[in-house]
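First up is the structure itself, then whatever we jot down about it.
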Amino acid sequence: MRNPQGKPIFTHGISDMSDPSTTDIFLQQQRMLRRLAYRMLGSVSQAEDAVQETWLRWHAIGPASIDVPQAWLVTTLSRICIDELRSAKHQRELYASPWLPEPLASDDSSDPGMAAERHSDISMAFLLLLERLTPEERVAFLLQEIFDNDYRNIAQIMDKSEPACRQLVHRARQRLRQDKPRFQADATRRQELLQLFAGALFSSDARALLSALAPDVTLISDGGGKVKAASKPVHGPRAVSRLLLGTRKLQAADSYILFREINGEPGIAGYHSDGTLFFIMQIAADQQGGIDGIYIVNNPDKLAAMQAGVWRE
């Protein structure tokens, strides 16, 4: 099996490459590695590639000689992700539109207890904040804050001293604290706002749409140069409403939407009549209950994994 970009998905056919014990040890860590890679990279396809590369190195090195498999796998994956983030920084500077994380379907979870965690560490807003960190800051912060590694382990993983790793995490916390919104409505309230917003948008009710938007609302649309999208963030209720209503007029009459949990938060998924996913949308809300952030991904390359259902939190 291959992913929509034509690259092999490592989780299929592993047993054909190695002995059962090697495979079993890796598969026990697979879910954790995928979760870590996605949070580090903000991309399903890049995370898949990073975990596959970790598997190939694991298979090549002879796992029988490794005392603590999880530590080796996390170290290897983290270093692969740091290299990828360094490369991605330049690529995203040349990206044809504002960059947003690749959306991740997180509904139908068999573990409801993960809901609060998902809301905090894979939301579009949080992953966008992580983009402001250096690769080393991002990896150190995630290892310490989200995956609960102590500084001794982080130092070994990153091949740095413990004080240096503490400083990386400290700088990351400071940057995120400065940029993090002071208030975010809870999931229930965001779901209510999303339904009101969707009703106004898809009925083309300009007045109701304007009333739902906060004075400082910003819309970010990621078309990746593949489809029509705003070339830069759009600010202010009137500009945002004009863009949304204009885009709505261009959509086929037989297209439809579904409310989905995407990246751990309420969202909208738009489909053509044949079931092809062509956009996802999420919102953020301010303390007064107005929508102050709208995130739209319609780059078909970023929607392919969610369409195919090959990755789920």
Side-chain angles (χ1 to χ4, degrees), residues 38-39 41-44 97-109 114-132 179-181 183-202 209 212-214 216-224 227 229-230 232-235 237 240-241 243-245 247-248 251 255-271 277-287 289-307 311-313:
Y38 178 73
R39 286 155 178 79
L41 299 172
S43 166
V44 173
S97 70
W99 183 91
L100 286 173
E102 193 171 345
L104 179 69
S106 52
D107 45 6
D108 303 323
S109 172
M114 289 180 60
E117 176 197 7
R118 290 201 304 269
H119 291 162
S120 66
D121 68 14
I122 62 168
S123 70
M124 286 278 177
F126 181 72
L127 293 176
L128 270 180
L129 282 178
L130 291 179
E131 285 294 301
R132 305 184 188 189
D179 297 326
K180 185 178 180 180
F183 176 86
Q184 178 64 280
D186 63 28
T188 300
R189 179 56 180 156
R190 287 199 304 277
Q191 182 70 56
E192 294 171 353
L193 286 170
L194 189 67
Q195 291 173 342
L196 291 171
F197 170 77
L201 176 59
F202 291 95
L209 185 59
L213 302 177
D216 59 348
V217 63
T218 295
L219 180 147
I220 300 176
S221 178
D222 181 347
V227 296
K232 58 184 179 180
V234 179
H235 305 283
V240 168
S241 62
L243 176 65
L244 289 171
L245 292 172
T247 302
R248 172 59 182 154
Q251 293 174 2
S255 63
Y256 62 95
I257 65 167
L258 295 175
F259 291 97
R260 299 281 304 274
E261 186 183 279
I262 303 166
N263 284 71
E265 297 191 333
I268 297 172
Y271 296 87
L277 177 67
F278 70 98
F279 78 86
I280 67 95
M281 180 187 297
Q282 285 191 310
I283 63 170
D286 66 12
Q287 192 166 5
I291 295 170
D292 62 358
I294 300 173
Y295 310 106
I296 302 172
V297 178
N298 55 352
N299 179 347
D301 290 346
K302 289 191 174 184
L303 298 175
M306 186 169 167
Q307 173 80 58
W311 185 293
R312 190 177 296 276
E313 174 70 7

Could you grab the distance from atom CG of Leu277 to atom CG of Asn298, nearest 0.5 Å is fine? 10.0 Å

About how many Å separate OG of Ser97 and NZ of Lys232, when rounded to the nearest 0.5 Å? 14.0 Å

Give a yes or no answer on whether the side chain of Lys302 reaches the backbone of Leu100 with a donor-acceptor pair at less than 3.5 Å. yes

Report the distance from atom CD1 of Ile283 to atom CD of Gln191, rounding to the nearest 0.5 Å. 8.5 Å

Is there a side-chain contact between Phe197 and Gln195, using heavy atoms and a 4.5 Å cut-off? no

Under the 3.5 angstrom rule, does the side chain of Tyr271 hit a backbone N or O of Phe279 as a donor-acceptor pair? no

Can you tell if the side chain of Ile294 reaches within under 4.5 Å of the side chain of Ile220, non-hydrogen atoms only? no

Student check: side-chain heavy atoms of Trp99 and Val297 closer than 4.5 Å: no

Is the closest side-chain heavy-atom distance between Gln307 and Phe278 below 4.5 Å? no

Test log, rule side chain to side chain contact (heavy atoms under 4.5 Å, CB included), inputs Val227 and Asn299: CA-CA 6 Å; Val227 296; Asn299 179 347; 5.7 Å; no

Examine distances only and state if a side-chain atom of Gln282 and a backbone atom of Ile262 form a donor-acceptor pair shorter than 3.5 Å. yes

For Leu213 and Pro237, the nearest pair of non-hydrogen atoms, with its separation, is CD1-O, 3.7 Å

Ala198 to Phe259 - nearest heavy-atom pair and separation: CB-CZ, 3.9 Å

Leu104/Val44 under side chain to side chain contact (heavy atoms under 4.5 Å, CB included): CA gap, chis, key distance, verdict: CA-CA 7 Å; Leu104 179 69; Val44 173; 4.2 Å; yes

Please lay out, stage by stage, how Arg260 and Met306 fare under the test side chain to side chain contact (heavy atoms under 4.5 Å, CB included). CA-CA 11 Å; Arg260 299 281 304 274; Met306 186 169 167; 4.0 Å; yes

Step by step, would you call Leu128 with Phe126 a side chain to side chain contact (heavy atoms under 4.5 Å, CB included)? CA-CA 5 Å; Leu128 270 180; Phe126 181 72; over 6 Å; no

Closest non-hydrogen atoms of Leu193 and Ala285, given as atom of the first, atom of the second and distance, are CD1-CB, 3.4 Å

Ignoring hydrogens and geometry beyond distance, is a side-chain donor-acceptor pair present between Asn263 and Tyr295 at under 3.5 Å? no

Specify the closest pair of heavy atoms between Ser221 and Pro98, including all atoms of both residues, with the distance to one decimal. O-CD, 3.6 Å

Taking the side chain as C-beta and beyond, is there a heavy-atom pair between Arg248 and Ser255 under 4.5 Å? yes

Is there a side-chain contact between His235 and Val217 in this structure, where contact means two heavy atoms from C-beta onward sitting under 4.5 Å apart? no

For the atom pair CG (Leu196) and CD1 (Ile291), what is the distance rounded to the nearest 0.5 Å? 8.0 Å

Please round to the nearest 0.5 Å and tell me the distance separating atom CG of Leu244 and atom CZ of Phe202. 9.0 Å

Calculate, to the nearest 0.5 Å, the distance between atoms CD1 and CD1 belonging to Ile280 and Ile268 respectively. 10.0 Å

Measuring only between side-chain heavy atoms, which start at C-beta, is Thr218 closer than 4.5 Å to Asp292? no

So which atom in Leu194 and which in Pro266 form the shortest heavy-atom distance, rounded to 0.1 Å? CD2-C, 3.7 Å

I'd like to check Met124 versus Glu265 (side-chain heavy atoms, cut-off strictly below 4.5 Å). Are they in contact? no

Please report the shortest heavy-atom distance between Tyr38 and Pro101, naming the atom on each side. OH-CB, 4.4 Å

